[in-house]
Structure formats: C-alpha cells, structure tokens
Amino acid sequence: MEKERINIYHKRNTCFVGIDMHKDAHCAVVIDCWMNKLGEVNFENRPSRYPAFVEDVRKICGTKEMVFGLEDTRGFGRNLAAYLVGRKFEVKHVNPAYTSAVRLANPIIYKDDSYDAYCVARVLRDMVDTLQDAKHEDIFWTIRQIVKRRDLIVKSNVMNKNQLHSQLAYSYPSYRKFFAMIDSKSALCFWENYPSPEYIWNTTPEEIYQTIKPVHQALKIQRIHEIISMIERDGDTRKDYQPERDFIVRNIVKDIRHNKELIAEIDDELRKLIPLTGYKLHTMPGIDLVTEAQIISEIGDINRFPDSDKLARFMGLAPVQFSSAGKGKDQRCRNGNRALNAIFHFLAIQMVAVSASGKPRHPVFREYFEQKVKEGKNKPQALVCVARRLVRIIYGMMKTKTEYRPYEKADSKN
C-alpha cells in the first residue's frame with residue numbers, strides 16, 4: 001500500500017510526453033496524470049531543433065518531472081531518443097500495438113499527428129512502470145542497418161537472376177544444363193562473352209575453353225564440346241534485334257557480378273563488427289555469418305529480455321491462451337517479430353534435417369524432434385518444440401557470451 005501511495009504521488013508530479021514520429025517532423029503532446037492535455041509541440045526532426053523542443057516541454061511542465069514515450073526508437077525517432085537518453089531523461093519505448101488499441105477504443109475513430117501523439121502519451125501514463133526503457137547501443141543498430149542493406153541486395157540479385165533466366169530461355173533453350181548454377185563465375189563469364197549462339201559459331205571450342213578457364217580451373221575441353229552439342233540440338237534461335245537482346249543479357253550479368261561484390265564487402269564488415277558484440281553464435285552448427293548477423297540485428301541487446309520465455313513471446317513462438325467461461329485452449333501465436341520467428345523456424349529445419357545417406361545433420365536435435373513426434377505431436381508442432389529449444393540455448397549463449405556446447409542432455413520442457 002505504501003508503494004502504491006508513492007507511485008500515485010510520483011505520477012501526480014509527472015508530465016507524460018507522447019511523441020508521434022515522422023521522417024521530417026515530430027509532434028509531441030504533453031498530458032498530466034489525469035490525462036488532461038497540457039500542451040503540444042511540433043518540431044523538425046533535426047538534432048539542432050531538439051534543445052528548443054526540450055525547452056518548450058519544460059515550459060509546459062513547469063516544475064513537474066518529464067517522461068518521454070516514443071513509438072519508433074529504432075527508425076525515425078532514433079536520433080531524438082538517443083539525444084534524450086544522453087541527457088538523462090527517462091525515455092520509454094511504446095509498442096505501436098498499444099497506441100492502436102487506445103485509438104480504436106474511441107467511439108469515433110479518427111487519426112492525425114496530434115491525436116496519435118496523445119494516444120502515445122496515454123499509453124505512457126498507464127504503463128510507465130512496465131514499458132521498456134529506450135536503450136541505444138550503436139553497434140546493434142549498425143549491424144541491423146548492414147543486414148537490411150544486405151537483404152535488399154540479395155533480393156535485387158534474385159530479380160536479376162529471374163530476368164536472366166527469362167532472357168536465356170530465348171537464345172539457349174537448354175541453358176539450364178550448361179552449368180550447375182546460372183550465376184556461378186564460369187556461367188557469368190560464358191553469358192557475358194557468348195550472350196547468344198551467334199557468338200559460339202564465330203569462334204572455336206578451344207577459344208571458348210581459354211576464355212572460361214581462368215575462372216573455372218577444373219573445366220575440361222570435353223565440357224565445352226558437350227555444351228556446343230546441346231546448342232546445336234536446340235536449333236536456330238536467331239530473332240530480330242538480337243544485338244539489343246544480347247545487350248540485356250550482358251547488362252544483367254554485370255549487375256549480378258556487381259551485387260556479388262557488394263555482398264562480399266558487406267560480409268567483410270559483418271565479420272569485423274559481430275565479434276565486438278561478444279556473441280559467439282557462429283560456434284553452433286547450422287549458424288553461419290549471415291544467420292548470426294540476422295539474429296543479432298533483430299534481438300539486439302539480450303539483456304532486454306529477463307529470460308528465454310520473454311524472448312520466445314517476443315518472436316511469437318510461445319502459445320497464446322484463448323478461452324472464455326473456463327473453456328478454451330492454447331493456440332499458435334500469429335503475432336510477434338515474424339522476421340526472427342522465420343529465422344528460428346528455418347534454423348530448426350536445418351537442425352533436424354537428414355542427409356541423403358540417412359545421417360542426421362545434428363543428432364541431438366533430430367533425437368529431440370523424433371521424441372516429440374512419438375509423444376503425439378505432429379511434425380509442425382515438433383518443429384516448434386525444436387525452435388523453442390533453440391531459443392533457450394541461443395538465449396543462454398548470448399546472455400553469458402559463451403560458445404556452443406556440443407552436447408547437453410535433452411530436457412522435457414517444450
């Protein structure tokens with residue numbers, strides 16, 4: 001009871017500042033503990049404007065303390081959050097889902113910057129003791145930006161390869177049989193130098209071999225003869241404006257090669273940054289550099305989560321209870337961080353995979369998976385159990401910053 005009195009007294013002497021974040025400008029609304037609007041401040045999203053913003057809020061609050069609530073502390077609001085935290089203000093991260101719930105609770109639903117900021121302030125006022133503090137460690141933010149950049153380039157290369165498939169199908173109907181991968185070094189060299197069969201007929205197998213040999217040391221002259229035979233069996237594929245189509249193929253090849261170089265540069269940067277976090281996730285089988293970077297970029301500072309259960313709920317791996325009048329059951333969660341959820345889902349698939357020879361890739365996880373199936377769970381449910389187990393292990397590795405221990409006795413916890 002005494003603690004409640006202290007909290008009530010503290011709230012009566014606190015102003016709650018909700019901020020609606022945008023790329024160019026922010027809108028802040030100040031309310032008191034009774035949810036009365038005390039004032040509003042609109043300001044540009046520029047660090048040079050932040051001191052004036054703080055002074056305007058001070059004038060509105062008077063002698064009362066200030067607590068700031070921001071929805072977007074990792075995007076447009078990151079600079080402001082870092083500024084406020086650096087000056088020892090109390091700053092909270094407000095989940096946009098909470099703000100949306102307050103907005104939808106109004107009998108007449110409307111939306112503008114001022115009302116959005118007011119909704120953030122209301123959530124801040126009601127949940128100030130449970131909301132996460134806004135923390136900003138530049139290393140995690142930087143890794144996240146690099147991972148996002150890498151994902152964008154990878155997606156661009158997928159589009160390029162699809163376009164290359166489409167263009168090659170006209171000139172080389174049997175092109176899929178030429179090389180194991182359409183974007184391998186030898187394949188790109190071939191497409192760039194011989195974008196259509198016309199270039200093949202104007203040279204010799206020996207010259208083709210000498211052109212590709214520098215990028216494919218294991219290449220045999222017999223393979224070149226096999227490719228030429230397949231081209232001959234395809235027949236005449238010449239069409240009007242062939243030089244223009246050849247230009248398209250060569251242009252796509254250059255783009256693919258350039259993107260591969262960019263990805264290699266990004267991977268080099270990640271190799272430098274990730275060790276600075278102290279995490280050693282790459283020591284676990286199935287986790288390579290890219291997967292480790294993706295996990296770290298989504299989780300950030302592991303100390304945000306008091307235990308692995310909180311982390312599982314954050315990514316939507318924990319079941320959700322749906323019940324009424326004592327009836328109901330646990331159901332699969334469809335919310336949470338879906339990107340992190342997908343990472344752990346595919347990681348679980350890798351852990352229980354079996355090679356063509358019948359040897360499990362990771363015997364411990366495969367045994368655990370089969371155990372859950374024997375207990376009556378279907379395979380997707382058993383896979384969720386494996387993912388949940390991975391969460392506990394990875395949480396422990398990140399919390400203690402230790403390497404993966406090859407074998408631990410499986411427990412019965414789901």
Between [Y] and [X], is there a side-chain heavy-atom distance shorter than 4.5 Å?
X      : Y      : answer
Asp20  : Val29  : no
Gln371 : Cys385 : no
Ile274 : Leu281 : no
Met284 : Ile394 : yes
Trp141 : Arg78  : yes
Arg223 : Ile227 : yes
Ile19  : Leu80  : yes
Asp126 : Tyr98  : no

Output yes when [X] and [Y] qualify as a salt bridge under the 4.0 Å nitrogen-oxygen rule, no when they do not.
X      : Y      : answer
Asp267 : Lys272 : no
Arg304 : Asp301 : no
Lys260 : Asp183 : yes
Glu375 : Lys377 : no
Arg250 : Asp255 : no
Glu370 : Arg366 : yes
Glu298 : Arg144 : yes

Can you list the residues that meet the side chain to side chain contact (heavy atoms under 4.5 Å, CB included) rule with Lys177, with sequence neighbours excluded? Met230
Measure from the ring center of Tyr175 to the ring center of His165 and say whether it is less than 6.0 Å. yes
Between Phe305 and Phe314, is the gap from one ring center to the other below 6.0 Å? yes
Val91/Asp133 under side chain to side chain contact (heavy atoms under 4.5 Å, CB included): CA gap, chis, key distance, verdict: CA-CA 6 Å; Val91 184; Asp133 292 327; over 6 Å; no
Interatomic spacing from [atom1] in [X] to [atom2] in [Y] - rounded to 0.5 Å:
X      : Y      : atom1 : atom2 : value
Leu70  : Leu84  : CG    : CG    : 6.5 Å
Leu270 : Ile263 : CG    : CD1   : 11.5 Å
Met35  : Arg125 : CE    : CZ    : 5.0 Å
Ile295 : Leu340 : CD1   : CG    : 7.0 Å

Could you go through residues 198-205 and list every donor-acceptor pair under 3.5 Å that involves a side-chain atom there, pairing it with any protein atom two or more places apart or in another chain?
residue, atom, partner, partner atom, Å
Asn202, ND2, Glu198, O, 3.1
Thr203, OG1, Glu207, OE1, 2.3
Thr204, OG1, Glu207, N, 3.2

Hey, can you tell me if Phe190 and Tyr194 have their rings parallel, tilted or perpendicular (30° and 60° cut-offs)? tilted
Look at the aromatic rings of Trp191 and Tyr172 and report parallel, tilted or perpendicular, splitting at 30° and 60°. tilted
Show me the side-chain donor-acceptor pairs of residues 346-356 shorter than 3.5 Å, one per line, residues at least two apart or across chains.
residue, atom, partner, partner atom, Å
Ser355, OG, Ser357, OG, 3.0
Ser355, OG, Lys359, N, 3.2
Ser355, OG, Lys359, O, 3.1

Verify whether one side chain among [X] and [Y] offers a donor that lies under 3.5 Å from an acceptor in the other.
X      : Y      : value
Asp24  : Asn45  : no
Lys37  : Ser114 : yes
Glu40  : Asn42  : yes
Asp113 : His22  : yes

Using the side chain to side chain contact (heavy atoms under 4.5 Å, CB included) rule, take Gln145 and Ser297 through it: C-alpha gap first, then chi angles, then the decisive distance, then the call. CA-CA 8 Å; Gln145 299 306 307; Ser297 72; over 6 Å; no
Quick one: does NZ or CZ of Arg103 land under 6.0 Å from the six-membered ring centre of Tyr115, within 45 degrees of the ring axis? no
For Cys189 and Thr211, the nearest pair of non-hydrogen atoms, with its separation, is SG-O, 3.6 Å
What's the verdict on side chain to side chain contact (heavy atoms under 4.5 Å, CB included) for Val249 and Asp246, showing C-alpha distance, side-chain angles and the deciding distance? CA-CA 5 Å; Val249 171; Asp246 295 342; 5.5 Å; no
Qualifying residue, where the test is ring pair (Phe, Tyr, Trp, His ring centres under 6.0 Å) with Tyr83 and the options are Tyr50, Phe43, Phe68: Tyr50
